[in-house]
Enquirer: 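Mind having a look at this structure? Questions to follow.
For ligands, and for the atoms within them, numbers begin at 1 and follow the listed sequence. In this text the structure is predicted, and so the values were computed from the model without any measurement.
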Amino acid sequence: MHPRNPYHNPPDFNVLAEAYPPLKACLIRTHGGNATIDFKDEASQRRLTEALLKRDFDLIIDIPDDRLCPPVPNRLNYILWLQDVLGETGEEPRPDVRGMDIGTGASVIYPLLACRFDPRWHFVATEIDDRSYAHALRNITQNGLQDRIQLVRAPQDGSVLQLSLFPDFIFDFTMCNPPFYTSKAEVDASAEAKLYEPNAVCTGGDVEMITPGGDSAFVKRMVDESLEIRGRCRWYTSMLGKLSSVAEVIQYLRQHEIDNYGVTEFVQGHTRRWAVIWSFGYIHLPDPLGRIGNPTIQHLMPPRNILRQPFSTSDPSKLSTALQAAVENLDGVITMHRTAPQPAVPSAGECLTLTDTAVAATKNSWSRAARRKTKSTSSAMDVQDVGNVVMRCRLQIRRMGHDESGKEDRLLVDATWVEGRERALFESFVSHAMRKATSSLA
Ligand SMILES: C[S@@+](CC[C@H](N)C(=O)[O-])C[C@H]1O[C@@H](n2cnc3c(N)ncnc32)[C@H](O)[C@@H]1O
């Protein structure tokens, strides 16, 4: 579960039912005498979703019985990850954020939650199904969010990304919880498997669950469309229900030479879902937001955007001086250095940031070839630039807490690629900075 998700612990059902009385009829007792609900009972799940939305987000939703009832904690994970992505890759502070939710459902759950969570967010929400569309419209207006959520009826066989309807906007992100299954038989097989899970009820209509080719085909259509409109959206994202679909979509992205992509995993109780993200821009995701540890798909993970180097010194100010000296006097390199306000002492296994240096390079003045060229022509190497900047990165000195064996705290430098077209340029800069710092410490 996302660290900022407020539902790490189950709610106190008595207290929740006091706040939302329709839940009272669903309360049952555990063997220990505590109040809970029957998570396999569809009506109880619906009352729980209504109760959490009302009490915690002041949202009233009305979902017909034959349409999906979204579990709130699970839906929040996707929103919180997107918040992290925008926070880590955008120019802050931004006055507003514009997203598109594809297949918003009767509940409009993602836009409603996200708008309550963050006052800057605005949405276009699309829906293909008439019945869901009608309820979605009601849910937006009865929560007074019609100025921030625009509902669009998507055509049955038209484009998935309806961005062409909004030629004047650059979207910050698209999001989607697509239909996962290829056929009714696949839905039934999955429901049968879930019978043995402690808290799963399948409440979706066929239109919500089934699409030709399943979730991977749906997301591949998005990839195809994104190739046409590229920079009209900063981050394209979609959830996927199966690890095999994640692998298929990543392979598809790579086939189309989209190398700025990432994957994340949402774990909620017994349910595991994934989201893929890709961009045609030159801003890069920090590894914790775009790489997962699952061994089955390691070969499909994007290359690391964080390069880590341990140092033998235990004196952070010495390391900081050495690192600053390594990068500061490079022609065309601008640095902004910040030190943590207090001396930080990490506990075992913890990693604390002591200094943070933002680096922007307007030319490559560090590679051997560039230095040779500078000597002979007094101009730096030509590289493909992004505006005036060819590469942006962060250099952070961190203290790693001792491990179980009681080994001393260690210092290391994390270099994070923030922006740029050429990975090789970032890697050569980091290798230059680390080599210089190491030799001046020797
Ligand atoms: C799995 S449901 C997700 C609903 C909601 N977003 C949620 O997370 O609970 C998928 C939704 O996508 C809609 N849908 C399917 N194809 C679509 C398309 N091409 N454009 C827009 N919506 C579509 C379905 O009608 C359904 O409401």
Enquirer: Cationic tip of R423 within the cone over F426's six-membered ring, i.e. under 6.0 Å and within 45° of the normal?
Expert: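 Judged by the rule, R423 and F426 form no cation-pi pair.
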
Enquirer: Quick one: which ligand 1 atoms are inside 4.0 Å of a heavy atom on Y110?
Expert: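 Those qualifying, in numeric order: 8 (O).
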
Enquirer: Using a heavy-atom cut-off of under 4.0 Å, does the side chain or the backbone of F218 touch ligand 1, or both, or neither?
Expert: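 The answer is the side chain.
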
Enquirer: Show me which atoms of ligand 1 lie under 4.0 Å from any heavy atom of D129.
Expert: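 In order of numbering, the contacting atoms are 25 (O).
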
Enquirer: Could you tell me, atom by atom, which parts of ligand 1 come under 4.0 Å of a heavy atom of T126?
Expert: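 Listed by number with element, the hits are 21 (C).
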
Enquirer: Between R98 and D172 (salt bridge meaning N to carboxylate O under 4.0 Å), is one present in this structure?
Expert: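 Salt bridge: no.
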
Enquirer: Show which atoms of ligand 1 fall inside a sub-4.0 Å distance from at least one heavy-atom site of A154.
Expert: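 Listed by number with element, the hits are 20 (N), 21 (C).
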
Enquirer: Start with the C-alpha gap between H135 and D62, add the side-chain angles, then the distance that decides, and say whether side chain to side chain contact (heavy atoms under 4.5 Å, CB included) holds.
Expert: CA-CA 7 Å; H135 283 268; D62 156 36; 3.5 Å; yes

Enquirer: Considering the heavy atoms of V207, write down every atom of ligand 1 situated less than 4.0 Å from one of them.
Expert: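 Selected atoms, number and element: 24 (C), 25 (O).
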
Enquirer: Tell me which part of P178 gets within contact of ligand 1: side chain, backbone, both or neither, using heavy atoms under 4.0 Å.
Expert: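 Only the backbone of P178 comes within reach of ligand 1.
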
Enquirer: May I ask you to check if R153 and Y133 form a cation-pi contact, with NZ or CZ under 6.0 angstrom from the six-membered ring centre and within 45° of the axis?
Expert: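 Yes, a cation-pi geometry holds between R153 and Y133.
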
Enquirer: Between D356 and R394, is there a side-chain N and carboxylate O pair less than 4.0 Å apart?
Expert: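 A salt bridge links D356 with R394.
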
Enquirer: Which residue supplies the protein heavy atom nearest to atom 1 (C) of ligand 1, what is that atom called, and how far is it?
Expert: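 It is E208 O, 3.1 Å.
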
Enquirer: Parallel, tilted or perpendicular: which one describes the rings of F123 and F173, with boundaries at 30° and 60°?
Expert: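 If you compare the ring of F123 with that of F173, the planes turn out perpendicular.
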
Enquirer: What is the nearest protein non-hydrogen atom to atom 15 (C) of ligand 1, stated with its residue, atom name and distance?
Expert: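 For atom 15 (C) of ligand 1, the nearest protein heavy atom comes out as I128 CG2, 3.7 Å.
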
Enquirer: Does any N or O of ligand 1 fall below 3.5 Å from an N or O anywhere on I102, backbone included?
Expert: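 No, I102 has no N/O under 3.5 Å of an N/O on ligand 1.
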
Enquirer: Decide if atom CZ of R304 counts as having more than 12 heavy atoms of other residues, nucleotides or ligands within a radius under 6.0 Å.
Expert: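 It does not: R304 CZ has 12 such atoms or fewer within range.
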
Enquirer: Which one of T211, T104, N177, D206 has a non-hydrogen atom at the shortest distance from atom 3 (C) of ligand 1?
Expert: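 Selected option, by shortest heavy-atom distance: N177.
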
Enquirer: Suppose we measure from atom 6 (N) of ligand 1 to each protein heavy atom; which comes out shortest, and what is that distance?
Expert: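 Answer, as residue, atom name and distance: G103 O, 2.8 Å.
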
Enquirer: Select one of side chain, backbone, both or neither to describe which atoms of R75 lie under 4.0 Å from any atom of ligand 1, heavy atoms only.
Expert: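 Just the side chain.
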
Enquirer: Thinking salt bridges, do K220 and D224 make one under a 4.0 Å N-O criterion?
Expert: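 No, K220 and D224 are not salt-bridged.
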
Enquirer: So F280 and Y236, would you call those rings parallel, tilted or perpendicular, with 30° and 60° as cut-offs?
Expert: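 Perpendicular.
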
Enquirer: Return the residue, atom name and 0.1 Å-rounded distance of the protein heavy atom closest to atom 27 (O) of ligand 1.
Expert: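 Of every protein heavy atom, E127 OE1, 2.7 Å lies nearest to atom 27 (O) of ligand 1.
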
